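Before any comments, here is the structure.
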2 protein chains.
Amino acid sequence: MRKGQKTRTAILDDALALASQIGLSGLTIGTLAERSGLSKSGLFAHFGSKEGLQLAVIQGVRQLYSDLVFLPALQRQPGLPRLRAIVENWLEWTGSAKLPGGCIMTAAAYEFDDCPGPVRELVSQSLRELRKTLVRSVRMAVDAGQLSTDADPEQLAFEICAIYAGAQLDARLFDDPDARRRALLAFENLLDRSACAAPPAIGRDASASFAEKH
Amino acid sequence: MRKGQKTRTAILDDALALASQIGLSGLTIGTLAERSGLSKSGLFAHFGSKEGLQLAVIQGVRQLYSDLVFLPALQRQPGLPRLRAIVENWLEWTGSAKLPGGCIMTAAAYEFDDCPGPVRELVSQSLRELRKTLVRSVRMAVDAGQLSTDADPEQLAFEICAIYAGAQLDARLFDDPDARRRALLAFENLLDRSACAAPPAIGRDASASFAEKH
DNA sequence: TGCATAATCGAACGTTCGTGCTATTATTCG
DNA sequence: CGAATAATAGCACGAACGTTCGATTATGCA
């Protein structure tokens with residue numbers, strides 16, 4: 001790898017950490033340069049503009065999402081096990097990624113939702129893809145007979161995303177250590193609702209047991 | 001009312017609209033002064049500092065919340081009707097308030113969740129109060145026999161907040177006109193889960209009918 | 001009406017912002 | 001090794017930032 005690429009990667013590592021704390025627009029070339037041990041102009045040359053830096057950060061986040069959330073989940077069986085893995089990985093990916101200030105993508109979504117431009121577009125597209133992945137996972141679970149055919153994949157995917165966004169707030173704004181547990185419980189409640197028409201009698205015990213274990 | 005108070009109120013109106021689009025830290029004294037037809041220093045004198053302006057904006061949002069979401073809901077019977085009113089009002093309050101760029105409080109929550117200081121504290125405290133109000137409303141519904149005694153008020157309140165946060169993203173980032181409908185559906189699903197142990201047989205029809213109507 | 005006081009303005013401060021340039025130092029490869 | 005090229009530093013720029021202060025105008029009450 002060329003030297004330039006190496007420093008660019010190093011810069012982005014710092015940029016992700018910084019952006020997770022102060023946001024994408026709060027991210028400043030001066031402070032980032034100082035933190036990375038480069039001159040302002042030296043750092044600037046790597047991205048061409050502040051917007052270029054912001055886009056690079058988001059691409060970095062996408063890469064991390066992929067590596068820490070989706071790829072590991074592919075090891076699990078399609079359907080419910082994989083969907084559960086995605087949600088579990090998702091809920092702790094900022095920890096694994098050593099991001100000191102929570103999910104950059106979610107914060108950017110709220111930050112740029114009314115600021116037209118390439119950044120908003122990239123964030124929007126990224127989250128749409130994530131949503132599609134969730135929808136597909138739910139569909140697989142339905143096809144595998146693990147969720148009821150009455151389940152509404154789009155609605156479920158929406159609610160899963162909502163749970164994630166809510167968990168972020170509880171964890172970071174309220175400093176609530178129970179946020180993850182609460183989110184997982186909400187997720188399992190979601191699955192219960194769409195559970196397969198089970199052997200009559202006390203049919204919801206099997207899926208409810210998961211939430212109790214965690 | 002003194003003249004000063006009047007202009008201060010006018011400034012805050014513009015500030016709320018602006019902050020809803022570009023965020024609390026994006027909000028700038030220069031642009032706000034221009035938009036309000038005041039000089040920078042003239043506007044500055046009303047708030048003493050940028051942080052003072054930000055705090056005033058959040059106080060303004062709290063006032064609007066109160067006027068548009070909670071107070072009208074107090075007209076309804078305690079319990080489920082009031083809880084439903086809160087959620088419905090909440091989901092459309094930014095529209096009623098003519099805020100062009102979505103919910104300032106939610107955006108501020110993600111913006112400041114890692115930035116210690118009075119702003120973060122005020123946002124955090126405001127959302128905690130909102131949460132408590134929801135918990136109380138759920139409890140009333142339980143006491144009134146409208147929700148099962150098995151219902152977990154804290155968990156329900158968490159999920160309601162999550163739904164709201166999720167709806168914001170769908171509406172503003174995805175420009176999805178179905179966001180509100182989806183959110184209300186998620187809410188009704190939540191209530192279904194905690195529905196009272198009903199006259200056996202097909203006990204979930206009464207509460208499900210609401211979602212179908214909307 | 002007159003006077004104390006409140007409200008607003010204008011200009012300036014020192015910083016920091018993003019962004020160009022030109023030079024200089026490193027790295028890569030024939 | 002030496003030449004071509006990549007990578008970085010240094011410096012400067014205009015603009016905008018939050019903030020201060022003294023001057024000026026408008027307001028409200030005796």
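Fair warning: this is a prediction, and the values are worked out from it, not measured in the lab. In the text below, chain A, chain B and the rest are named by the order of the sequence lines, each starting its count at 1.
Take the nearest nucleotide of DNA chain D for B:Lys50 and for B:Lys3: the residue whose nucleotide is more 5' is B:Lys50.
Applying the side chain to side chain contact (heavy atoms under 4.5 Å, CB included) criterion to B:Asp67, with sequence neighbours excluded, gives B:Gln63, B:Leu71.
Rounding to whole angstrom units, CD of residue A:Gln5 and C1' of D:dT8 are separated by 15 Å. Rounded to an integer number of Å, the gap from B:Lys6 NZ to C:dA6 P is 18 Å. Per the geometry, NE2 belonging to A:His46 stands 16 Å off P belonging to C:dT19, to the nearest Å. As a whole-Å value, the separation of A:Arg8 CZ from C:dT27 P is 19 Å. Across the protein-nucleic acid pair, B:Leu32 atom CG and D:dC17 atom C1' stand 14 Å apart, rounded to whole Å. Atom-to-atom, CZ of A:Phe44 to P of C:dC21 comes out at 11 Å; the value is rounded to the nearest Å. Rounded to whole angstrom, the span from the CG atom of B:Leu43 across to the P atom of C:dT8 amounts to 9 Å.
Remark: the backbone N or O of A:Gly102 is not paired with any side-chain donor or acceptor of A:Gln168 at under 3.5 angstrom. In this structure a side-chain-to-backbone donor-acceptor pair under 3.5 Å is present from A:Asn89 to A:Val69.
Across residues 17-29 of chain B, B:Leu27, B:Thr28, B:Ile29 each have a non-hydrogen atom less than 4.0 Å from an atom of DNA chain D (numbered order). For residues 33-42 of chain B, proximity to DNA chain D is found at B:Lys40, B:Ser41, defined as any non-hydrogen atom under 4.0 angstrom from a strand atom.
Put simply, the side chain of A:Leu83 reaches to within 4.5 Å of the side chain of A:Ile160, judged on heavy atoms.
With hydrogens and angles left out, the side-chain atoms of B:Ser126 and B:Arg62 include a donor and acceptor closer than 3.5 Å. A:Glu121 and A:Gln125 are not linked by any side-chain donor-acceptor pair at a separation below 3.5 angstrom, with hydrogens and angles left out of the test.
Salt-bridge check for A:Lys132 with A:Glu154: failed, with every basic side-chain N at 4.0 Å or more from each acidic carboxylate O. Look at A:Asp170 and B:Arg128 and you find no salt bridge, because none of the NZ, NE, NH1 or NH2 atoms lies under 4.0 Å from a carboxylate O.
Contact between the side-chain N/O atoms of B:Arg2 and the OP1/OP2 oxygens of C:dT8 is not found at any separation under 4.0 Å.
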